[in-house]
Amino acid sequence: MCGRFAVTTDPALLAEKIKAIDETTSATSDGKDAPGPNYNVAPTTTITTVVKRHSEPDDDATRRLRSMRWGLVPPWAKATADGGPETKGPLLINARSDKLTSSPVFRNPAKGRRCLVPMDGWYEWLKKGEGRAPKIPFFMYAGDGEPLFMAGLWSTWRPKDAPKDAKPLLSCTIITTDAAGPLAEIHDRMPLTVSENDWDRWLDPDAPIDEGLLRGHGDLDRIEVREVSRLVNSVRNNGPELIEPVEPQAEQGTLL
């Protein structure tokens, strides 16, 4: 699964790098500023995503960066008294790759609202020992220092009685698949990575979902693992020290 991650690339620089239109420079759908560096991204945080959309029905779709809430909100979600979406039930931060086309929540976004979630890396926790032994946090990241791009789905939501021209809340989920290689020693699930050569194939809003990409592991060969500080356990902590390597405890050994 993917329940916490780090992203530090400035959206404007990312847009230039991947040749995308930066739409995060305007206020996000929830009225907040575009996200900045975040070493401890938690569910419901506003994050940067990559989509491919048309400006006009007959033009070529182009890559765009958009700010979205992490945790997909289905269109039928009820509104609370303050006008936001009801948050009862699971937050839908992850979607299993093998459930996309059958799940009522995910099958419509899977048809034409697919996105990429750029990140420096993500965290997983491994329990070693018996009883109350603390879980050990690990950081999975690209060894070449470049961002990883995770497959995702996105959706739009408005309160039922909102005007048709009201700005929608954009939200997304990160797709997960079976973990592979040394990552499987830490957790049985991992985000579905998409390699650069497959970005446009995944994002194409006019093409059906590519089942082959759902069965792959994209940039698995770029991913490295290191043990990090337990400071990441608290979402109140947020800084570069969270992703710095720590010495593995002697009695715990190392997976690397």
Side-chain angles (χ1 to χ4, degrees), residues 1-55 61-73 85 91-95 109 112-123 139-142 144-157 167-176 190-196 198-200 202-205 218-219 222-223 232 235 238-240 242-243:
M1 64 174 294
C2 176
R4 211 86 68 74
F5 66 90
V7 57
T8 61
T9 305
D10 177 80
L13 295 177
L14 179 63
E16 182 178 354
K17 186 179 183 66
I18 69 171
K19 297 179 174 59
I21 300 170
D22 184 9
E23 297 182 344
T24 68
T25 52
S26 58
T28 65
S29 57
D30 58 5
K32 299 177 182 178
D33 292 334
N38 192 336
Y39 294 89
N40 205 352
V41 180
T44 74
T45 300
T46 297
I47 62 174
T48 297
T49 66
V50 185
V51 300
K52 201 168 184 182
R53 308 304 288 173
H54 296 280
S55 295
T62 54
R63 292 179 191 167
R64 301 154 188 261
L65 298 191
R66 290 183 175 175
S67 296
M68 299 187 189
R69 164 185 152 145
W70 182 26
L72 190 127
V73 179
L91 290 174
L92 302 180
I93 60 171
N94 292 156
R113 288 188 171 176
R114 300 181 293 273
C115 65
L116 294 170
V117 179
M119 63 177 69
D120 294 24
W122 78 100
Y123 302 97
F139 186 56
M140 277 60 68
Y141 64 100
D144 58 11
E146 295 295 318
L148 293 164
F149 290 79
M150 308 307 186
L153 306 176
W154 65 281
S155 182
T156 60
W157 178 87
K167 194 170 186 179
L169 171 69
L170 306 183
S171 62
C172 66
T173 186
I174 296 173
I175 297 171
T176 65
M190 64 174 286
L192 178 63
T193 60
V194 180
S195 58
E196 184 174 356
D198 294 324
W199 289 352
D200 288 327
W202 174 256
L203 294 173
D204 189 347
D219 283 339
R222 294 174 54 213
I223 299 175
V232 73
V235 295
N238 197 324
L242 271 60
I243 64 173

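All heavy atoms count here, side chains included; hydrogens, waters and symmetry mates do not.
- Considering only residues two or more places apart in sequence or on other chains, D200 meets the side-chain hydrogen bond (donor to acceptor under 3.5 Å, both in side chains) condition with K52, R63.
- Atom-to-atom distance recorded for N38:CG and R4:CZ is 10.5 Å, nearest 0.5 angstrom.
- Between G121 and L148, the shortest heavy-atom distance links the atoms CA-CD1, 4.5 Å.
- Looking at V50 and L65, their side chains come closer than 4.5 Å, going by heavy atoms from C-beta outward.
- The CG atom of L170 lies 8.5 Å from the CZ atom of R113; values are rounded to the nearest 0.5 Å.
- The shortest side-chain heavy-atom distance between I174 and L153 does not fall under the 4.5 Å cut-off.
- In this structure the side chain of S55 reaches within 4.5 angstrom of the side chain of R64, judged on heavy atoms.
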Apply side chain to side chain donor-acceptor pair (under 3.5 Å) to residues T176 and N94 and explain how you reach the verdict. CA-CA 6 Å; T176 65; N94 292 156; 5.3 Å; no
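- Taking CD1 from I93 and CZ from R69, the interatomic distance works out to 11.0 Å, rounded to the nearest 0.5 Å.
- Between the side chain of R114 and the main chain of D204, a donor-acceptor pair closer than 3.5 Å is present.
- Between the side chain of D219 and the backbone N or O of R222 there is no donor-acceptor pair closer than 3.5 Å.
- Looking only at distances, no side-chain donor or acceptor of W202 sits under 3.5 Å from a matching main-chain atom of L116.
- Each of T156, V51, L169, T24 was compared with M68 under the side chain to side chain contact (heavy atoms under 4.5 Å, CB included) criterion, and only V51 meets it.
- Applying the side-chain hydrogen bond (donor to acceptor under 3.5 Å, both in side chains) test to S195 and every residue at least two apart in sequence or in another chain returns D198.
- Across all non-hydrogen atoms, the minimal contact from S171 to G71 is CB-O, 3.4 Å.
- Interatomic distance, CG of D22 versus CG of L13, reported as 9.5 Å (0.5 Å rounding).
- Contact of the V73 side chain with the S155 side chain is not registered, since no non-hydrogen atoms from C-beta on lie closer than 4.5 Å.
- Atom OH in Y39 sits 8.5 Å away from atom CG in N238 (nearest 0.5 Å).
- For residues 36-48, the set of pairs meeting the salt bridge (Lys or Arg N to Asp or Glu O under 4.0 Å) definition, not counting sequence neighbours, is empty.
- A heavy-atom distance below 4.5 Å is not found between the side chains of L242 and F139.
- Taking 4.5 Å as the limit, every side-chain heavy atom of T62 sits out of range of all side-chain heavy atoms of H54.
- Using a 4.5 Å cut-off on side-chain heavy atoms (C-beta onward), T44 and L91 make contact.
- Between the side chain of T49 and the backbone N or O of R66 there is at least one donor-acceptor pair closer than 3.5 Å.
- Side-chain contact check for W154 versus V117: every heavy-atom pair is 4.5 Å or farther apart.
- Between the CE atom of M190 and the CE atom of M150 there is a distance of 6.5 Å, given to the nearest 0.5 Å.
- The closest donor-acceptor contact from the side chain of W70 to the backbone of I47 lies at 3.5 Å or more, if one exists at all.
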List the steps, then state whether side chain to side chain contact (heavy atoms under 4.5 Å, CB included) holds for V41 with F5. CA-CA 5 Å; V41 180; F5 66 90; 3.6 Å; yes
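- The backbone N or O of L72 lies less than 3.5 Å from no partner atom in the side chain of T173, so there is not a single donor-acceptor pair.
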